[in-house]
A.B. asks: 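Below are the structure tokens for one structure; questions will follow.
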Amino acid sequence: MKTRHGLFRLAHMDDGHENGQASVLFLFSPPPIERLSMSASTDQAAVLYLRITCSVNGIFYASMYALDSFALASGAPKLALANSLIDAFIMRMGLAWLLAASLGCGFIGIYAAQAAAPVPPALIGFAYLRLWARRNSPVHQ
């Protein structure tokens with residue numbers, strides 16, 4: 001039980017320093033996981049999970065949250081809500097189900113969906129930021 005709890009904490013890292021820790025774990029994932037004294041197959045699965053889900057998508061993940069905060073502050077709460085729903089339901093659950101169950105990719109499909117989930121909401125947030133900047137620039141006023 002201790003091992004599973006340790007792996008859960010290691011994989012999810014909900015303590016506010018997610019992207020920095022994820023980057024460190026992505027680079028050095030085998031040694032921290034090996035310290036949890038799990039079987040070799042579990043070690044390999046944990047390392048694979050971290051390498052797929054804690055890679056470049058961390059940039060999109062951080063951007064998504066920063067841009068959602070901007071949308072809230074600039075008076076577009078529906079956009080922030082839509083982005084959250086896209087991230088959680090369409091990308092994480094929908095794409096994971098599509099890749100894992102329908103297309104038969106298994107756990108790799110779930111991992112890929114987790115990695116891809118913040119990309120569309122971040123791109124939507126960037127598009128909103130550009131639109132807001134264009135509408136509120138001194139040239140258009």
Side-chain angles (χ1 to χ4, degrees), residues 1-137 139-141:
M1 197 62 145
K2 180 180 177 186
T3 305
R4 288 184 185 176
H5 178 69
L7 178 61
F8 180 80
R9 287 188 55 223
L10 183 65
H12 290 88
M13 297 172 288
D14 284 334
D15 64 352
H17 305 296
E18 182 170 328
N19 290 325
Q21 289 177 350
S23 299
V24 170
L25 285 172
F26 175 69
L27 294 172
F28 306 106
S29 53
I33 290 174
E34 288 168 358
R35 289 189 188 108
L36 296 174
S37 67
M38 296 178 288
S39 68
S41 63
T42 305
D43 284 352
Q44 291 172 351
V47 168
L48 181 63
Y49 172 83
L50 290 171
R51 289 200 171 145
I52 292 173
T53 61
C54 300
S55 56
V56 176
N57 78 323
I59 296 166
F60 288 100
Y61 193 72
S63 299
M64 179 189 75
Y65 279 101
L67 292 165
D68 280 352
S69 294
F70 174 76
L72 283 170
S74 65
K78 291 179 183 176
L79 176 68
L81 174 64
N83 261 354
S84 296
L85 294 174
I86 290 168
D87 176 53
F89 292 107
I90 294 173
M91 293 301 294
R92 291 193 195 271
M93 290 176 60
L95 187 60
W97 176 82
L98 178 71
L99 292 174
S102 296
L103 299 177
C105 296
F107 285 112
I108 300 297
I110 294 171
Y111 299 164
Q114 290 287 354
V119 175
L123 295 176
I124 291 168
F126 279 119
Y128 174 73
L129 177 63
R130 286 186 58 136
L131 177 67
W132 185 89
R134 200 172 328 136
R135 286 182 181 167
N136 294 298
S137 71
V139 176
H140 287 101
Q141 292 181 355

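Owing to the predicted nature of the structure, the values given are computational and were not obtained by experimental measurement. Sequence positions, counted from 1, serve as the residue numbers for this chain.
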A.B. asks: Would you call Ile59 and Ser63 a side-chain contact if the rule is heavy atoms closer than 4.5 Å?
C.D. replies: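 Yes. Closest side-chain heavy atoms under 4.5 Å.
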A.B. asks: Hey, are the side chains of Ile52 and Gln114 touching, using non-hydrogen atoms and a 4.5 Å cut-off?
C.D. replies: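 No, every pair of side-chain atoms sits at 4.5 Å or beyond.
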A.B. asks: Roughly how far, to the nearest 0.5 Å, is the CZ atom of Arg135 from the CZ atom of Arg130?
C.D. replies: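 Answer for the CZ-CZ pair, Arg130 versus Arg135, is 13.5 Å.
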A.B. asks: In Å and rounded to the nearest 0.5 Å, what is the CG to CZ distance from Leu131 to Phe126?
C.D. replies: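 Atom-to-atom, Leu131:CG and Phe126:CZ are 15.0 Å apart.
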A.B. asks: Is the backbone N or O of Asn83 less than 3.5 Å from a side-chain atom of Asp87, with the two atoms forming a donor-acceptor pair by type?
C.D. replies: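 No.
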A.B. asks: Take Ile90 and Leu95, measure what side chain to side chain contact (heavy atoms under 4.5 Å, CB included) needs, and give me the verdict at the end.
C.D. replies: CA-CA 6 Å; Ile90 294 173; Leu95 187 60; over 6 Å; no
A.B. asks: Working to the nearest 0.5 angstrom, can you tell me the gap between Leu72 CG and Lys78 NZ?
C.D. replies: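 Separation between the atoms: 13.0 Å.
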A.B. asks: Report yes if the side chains of Asp68 and Ser84 come closer than 4.5 Å at any heavy-atom pair, otherwise no.
C.D. replies: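 A side-chain contact exists here, since the closest heavy-atom pair is under 4.5 Å.
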A.B. asks: For residues Trp132 and Ser74, report the shortest heavy-atom separation together with the two atoms involved.
C.D. replies: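 Taking Trp132 first and Ser74 second, the nearest heavy atoms are NE1-CB, 3.8 Å.
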A.B. asks: How close do Thr53 and Tyr111 get, counting heavy atoms only, and between which atoms?
C.D. replies: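 Residues Thr53 and Tyr111, closest heavy atoms: CG2-O, 3.5 Å.
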A.B. asks: May I ask you to decide if Leu99's main-chain N or O and Ser102's side chain share a donor-acceptor pair within less than 3.5 Å?
C.D. replies: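 Not a single qualifying donor-acceptor pair exists.
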A.B. asks: Starting at CG of Leu79, measure out to CZ of Phe70 and round the result to the nearest 0.5 Å.
C.D. replies: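 CZ of Phe70 is found 10.0 Å from CG of Leu79.
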A.B. asks: Which heavy atom in Phe60 sits nearest to a heavy atom in Leu123, and how many Å separate them?
C.D. replies: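 Heavy-atom minimum between the residues: CE2-CD2, 4.4 Å.
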A.B. asks: What's the shortest heavy-atom distance between Arg92 and Ala117, and which atoms?
C.D. replies: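 Reported closest heavy-atom pair: CG-CB, 3.4 Å.
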